[in-house]
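Throughout, protein chains are lettered first and strands after them, A, B, ... in sequence-line order, and every chain is numbered starting at 1. Values reported hereafter were calculated over all heavy atoms of this structure, with side chains retained and with hydrogens, waters and symmetry mates removed.
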2 protein chains.
Amino acid sequence: MVDSIDKKLLEILKENARLSFADLGRKINLSPSAVRERVQKMEDIGVIKKYSIQIDNQKIGYDIEAFILLKVFQGQLKYVIQQITKFPQITEAHRITGSQNIHLKVVLKNQLELQNLIDQLMSLGDTNTFLILSKIE
Amino acid sequence: MVDSIDKKLLEILKENARLSFADLGRKINLSPSAVRERVQKMEDIGVIKKYSIQIDNQKIGYDIEAFILLKVFQGQLKYVIQQITKFPQITEAHRITGSQNIHLKVVLKNQLELQNLIDQLMSLGDTNTFLILSKIE
DNA sequence: CGTGAAAAACCAGGGGC
DNA sequence: GCCCCTGGTTTTTCACG
């Protein structure tokens with residue numbers, strides 16, 4: 001379904017998703033059209049979900065990033081999941097195991113916005129916030 | 001530095017980073033070269049950090065994703081940060097505030113691999129693992 | 001599943017507003 | 001900061017192994 005060549009392509013694309021099929025082919029010794037077929041197949045079967053960009057949020061005025069664990073109030077999970085998608089500040093959300101059932105990643109301009117968000121989330125459940133200090137890479 | 005047109009471009013690129021400058025221009029009524037100038041400027045100043053892909057890990061045999069909070073043992077932080085980059089299973093790592101000072105996202109093939117990873121991490125600090133059940137979107 | 005060659009579309013770079 | 005033009009590259013499609 002996905003062989004070692006495909007995996008190599010995925011690794012390369014993870015680092016630079018704008019390379020042309022010709023460039024990709026040069027890196028792994030394959031013709032452009034062969035590369036294209038493989039990549040397209042991975043798009044079709046959903047291995048590649050989306051091409052995206054990574055943004056430096058600080059440089060566009062969003063100085064605060066944080067993870068928030070949310071322990072949703074009894075019986076409110078469906079409602080909360082539906083609400084969460086409406087917050088533009090929430091950039092990622094996952095259901096997780098454990099007593100805290102939702103994990104959020106949020107991006108905000110300043111502490112005031114964080115406070116506002118937490119105030120709103122508090123009506124949905126108990127929150128536990130971890131500010132992101134830096135990315136390790 | 002980054003105006004509202006730039007932000008629109010970022011939003012579009014976040015969803016589909018492979019659109020041509022021509023397509024981007026069509027979406028926001030701008031010529032291809034104007035779009036190119038803006039996008040290139042954002043690359044130059046580092047607003048766009050990288051073009052990447054989102055992969056469906058389950059479809060390539062990685063059935064387990066999890067967040068792990070790590071409370072690093074006293075005085076070991078620098079060492080741990082340096083070690084963490086060596087684990088291919090760790091796809092994201094952040095320093096965070098709170099008594100648990102590192103937040104990890106990990107991707108693994110099965111429970112055995114998770115167990116192995118946790119065993120290794122236990123030599124660096126106290127772990128707290130949350131399996132990811134699903135992505136909310 | 002891979003190759004090769006065609007036309008169509010796209011990109012970099014520079015001049016002009 | 002935006003638009004247009006041009007030469008060169010890339011993508012796309014398709015017929016073939």
Going only through I, L, V, M, F, W and Y residues with side-chain contacts under 4.5 Å, is there a path from Tyr62(A) to Ile48(B)? yes
Passing candidate, side chain to side chain contact (heavy atoms under 4.5 Å, CB included) with Ile90(B), options Leu104(B), Val107(B), Thr85(B): Leu104(B)
Does the ring of Phe67(B) carry Arg95(A) above it, NZ/CZ under 6.0 angstrom from centre and within 45° of its axis? no
Does the side chain of Ile118(B) reach to within under 4.5 Å of the side chain of Met122(B), using non-hydrogen atoms? yes
Quick check: is Ile53(A) connected to Leu13(A) through a chain of hydrophobic side chains (ILVMFWY, heavy atoms under 4.5 Å apart)? no
Write down the protein N/O and nucleotide N/O pairs, taken from nucleotides 1-5 of chain D, whose separation is under 3.5 Å; answer none if there are no such pairs.
| unit_1 | atom_1 | unit_2 | atom_2 | d |
| --- | --- | --- | --- | --- |
| dC2(D) | OP1 | Arg38(B) | NE | 3.1 |
| dC2(D) | OP1 | Arg38(B) | NH2 | 2.6 |
| dC2(D) | OP2 | Arg38(B) | NE | 3.3 |
| dC3(D) | OP2 | Ser31(B) | N | 2.8 |
| dC3(D) | OP2 | Ser31(B) | OG | 2.8 |
| dC4(D) | N4 | Ser33(B) | OG | 3.0 |

Val80(A) versus Asn101(A): any side-chain heavy-atom pair under 4.5 Å? no
Taking side chain to side chain contact (heavy atoms under 4.5 Å, CB included) as the criterion, tell me which of Ile28(B), Asp6(B), Val2(B) meets it with Arg38(B). Asp6(B)
Do the side chain of Gln76(A) and the main chain of Val72(A) share a donor and acceptor less than 3.5 angstrom apart? no
Determine whether Lys105(A) and Ile132(A) make a side-chain contact, defined as any pair of heavy atoms from C-beta on separated by less than 4.5 Å. yes
Please examine the side chains of His94(A) and Ile102(A), heavy atoms only from C-beta on, and report whether any two atoms are closer than 4.5 Å. no
Give, ordered by number, those residues of residues 12-28 of chain B having at least one heavy-atom distance below 4.0 Å to an atom of DNA chain C; if nothing qualifies, reply none. Ser20(B), Phe21(B), Ala22(B), Arg26(B)
To the nearest 10°, let me know how far the axis at one end of the helix from dG2(C)-dC16(D) to dC17(C)-dG1(D) is tilted from the axis at the other, five pairs an end. 30°
